[in-house]
Q: 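Can you keep this structure in mind? I'll have questions shortly.
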Protein chains: 2
Amino acid sequence: MDTEDTQDNGTRWLTDEEQRAWRTHLDVSRLLMHQLERDLQPFGLTNNDYEILVNLSESKDHRMRMSDLATATLQSKSRLSHQITRMENAGLVRRENCESDRRGLFAVLTDHGWETMRKVAPHHVASVRQHFIDLLSEEELKSLHASLTPVAQHLRSTRGRM
Amino acid sequence: MDTEDTQDNGTRWLTDEEQRAWRTHLDVSRLLMHQLERDLQPFGLTNNDYEILVNLSESKDHRMRMSDLATATLQSKSRLSHQITRMENAGLVRRENCESDRRGLFAVLTDHGWETMRKVAPHHVASVRQHFIDLLSEEELKSLHASLTPVAQHLRSTRGRM
DNA sequence: CATTTTTAATTAAACATTCAACTTCTTAGG
DNA sequence: CCTAAGAAGTTGAATGTTTAATTAAAAATG
């Protein structure tokens, strides 16, 4: 009556192996984020703060348009706007007007932001290594990356506005 | 002067390959959560709601102690408490006293909660398949699971209170 | 070139999460 | 048993995120 693992109303439930893999992925995502957050706490930064700093640090002139930054960090414009306001209050970034498009704004790294980045980055990398990278062999990492790349592409393509 | 890829102040920065793998993992985690959330929205549920429903559905008598539920869903007690209050207001669960330990409470699935679960689960599974499981071969899934399991264990063991 | 549509960004209010303080009950030690 | 310590759970306030509405400028359309 059924073909393959199709059942009852036609739902293809997850097999045990699929279920385990899925839940492990879920747990790792969440636990990892929490751990990284904890490791950044002593420096007064959140994961979000840090990601903004990374993006600006890697950009020409340490500046990015709000929209681009929102896209790069996978956040809604609104959320980014609030986020930048907070970081502005903390003296890590500042807003600057855009000449070529007068609707636009840049988020720019301040000196303090750059110094913070330079100070914190080594600790963050150590944290990423300790809780993720160094727990995987080179082979495993390669294979993980290869498997996940199409998933990321798929998700980026089908994603609605955040 | 340096050994391996150790440099300057002694920080072992991520190699390009490590960097790419890491960022892909990060992106997948976030995009996936967002996508699942979006797919649950038409049913008026959040990921969090759904996870609570799953846990209760799979438990004996459709009930769990608050503490156990918090641990199972990787949330703080406080967060779970608020979460359950919201779900109680939505008629999905109710609280019940615990006889054996009078400090304790159970979160119990209501009929409406159970019905909701039965109705939504097929759609959710379809969503998980579409955006994750079915994009990976059986081999890839196995390998992913094998790689991630030690990471999950590590994180669970070193995690402080949430 | 006037008008409509789209894009960039912010804002206020609603909603969710965290943090710290608190209450109640259980358990372990003397 | 009486008391101190710990565990279960909640609460309110502070903080962060989402949603929807709004402003202003750029681009597209007729």
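Letters go in sequence order (proteins before strands), and every chain restarts at 1. Here the structure is a predicted model, which means the values were calculated and not measured.
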Q: Quick test: give all pairs of protein nitrogen or oxygen and nucleotides 2-6 of chain C nitrogen or oxygen below 3.5 Å, distance rounded to 0.1 Å.
A:
none

Q: Output every pair passing salt bridge (charged side-chain N to carboxylate O under 4.0 Å, His left out) with a member in residues 64-75 of chain A, not counting sequence neighbours, ordered by first then second residue.
A: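 As it turns out, the salt bridge (charged side-chain N to carboxylate O under 4.0 Å, His left out) pairs with a partner in residues 64-75 of chain A, which skip direct neighbours, are A:R65-A:D101.
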Q: Say whether, by atom type as modelled, one donor and one acceptor occur between the side chain of B:E37 and the main chain of B:N47 under 3.5 angstrom.
A: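 Yes; judged by distance alone, with no hydrogens or angles, the pair exists.
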Q: Under a 3.5 Å cutoff, is there a donor and acceptor pairing between the side chains of B:D39 and B:Q130?
A: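 No, because no side-chain N or O of B:D39 sits under 3.5 Å from a partner of the opposite role on B:Q130.
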Q: Rounded to the Å, how far apart are A:R30 CZ and C:dT17 P?
A: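 One finds 11 Å between P of C:dT17 and CZ of A:R30, rounded.
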Q: Whole angstroms only, please: what is the CD1-C1' distance between B:I52 and C:dT17?
A: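 In whole Å, C:dT17 C1' lies 14 Å from B:I52 CD1.
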Q: Rounded to the nearest Å, what distance is computed from the CD atom of residue B:E51 to the P atom of nucleotide C:dT17?
A: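 Those two atoms, CD and P, are 12 Å apart.
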Q: Given atom CD of A:Q41 and atom C1' of C:dC19, what is their separation to the nearest angstrom?
A: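 From A:Q41 CD to C:dC19 C1': 10 Å.
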Q: Both A:T46 and A:S78 contact DNA chain D. Which one's nearest nucleotide lies toward the 5' end?
A: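 Closer to the 5' end of DNA chain D: A:T46.
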Q: To the nearest angstrom, how far is B:L105 atom CG from C:dC25 atom P?
A: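 The distance from CG of B:L105 to P of C:dC25 comes to 11 Å, rounded to the nearest Å.
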Q: A:R79 near the nucleic acid: base, sugar-phosphate alone, or nothing, with a heavy-atom cut-off under 4.0 Å?
A: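 Base, at least one base atom sits under 4.0 Å.
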Q: Is there a side chain to side chain contact (heavy atoms under 4.5 Å, CB included) between B:E58 and B:V54 once you walk through the steps?
A: CA-CA 6 Å; B:E58 290 176 349; B:V54 170; 3.7 Å; yes
Q: Students should find this one: the first and last nucleotides of DNA chain D, 5' to 3', lying under 4.0 Å from a heavy atom of chain A. What are they?
A: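 Terminal contacting nucleotides, 5' to 3': D:dG16 to D:dA26.
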Q: I need the residues from residues 59-76 of chain B with at least one non-hydrogen atom less than 4.0 Å from DNA chain D; give them sorted by number, or say none.
A: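 B:R65, B:M66, B:S67 - these, ordered by number, are the residues of the stretch whose heavy atoms sit under 4.0 Å from the strand.
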Q: Which parts of residues 80-100 of chain B get close to DNA chain C, meaning a heavy atom less than 4.0 angstrom away?
A: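 The stretch gives B:H82, B:Q83, B:R86 as the residues lying under 4.0 Å from the strand, ordered by number.
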Q: Which pairs pass ring-ring contact (aromatic ring centres under 6.0 Å, His included) with one or both residues in residues 26-51 of chain A, sequence neighbours excluded?
A: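 Output for this query lists A:F43-A:H123, A:Y50-A:H124.
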Q: A:E37 CD to C:dT18 C1': how many Å, rounded?
A: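 Result: 11 Å.
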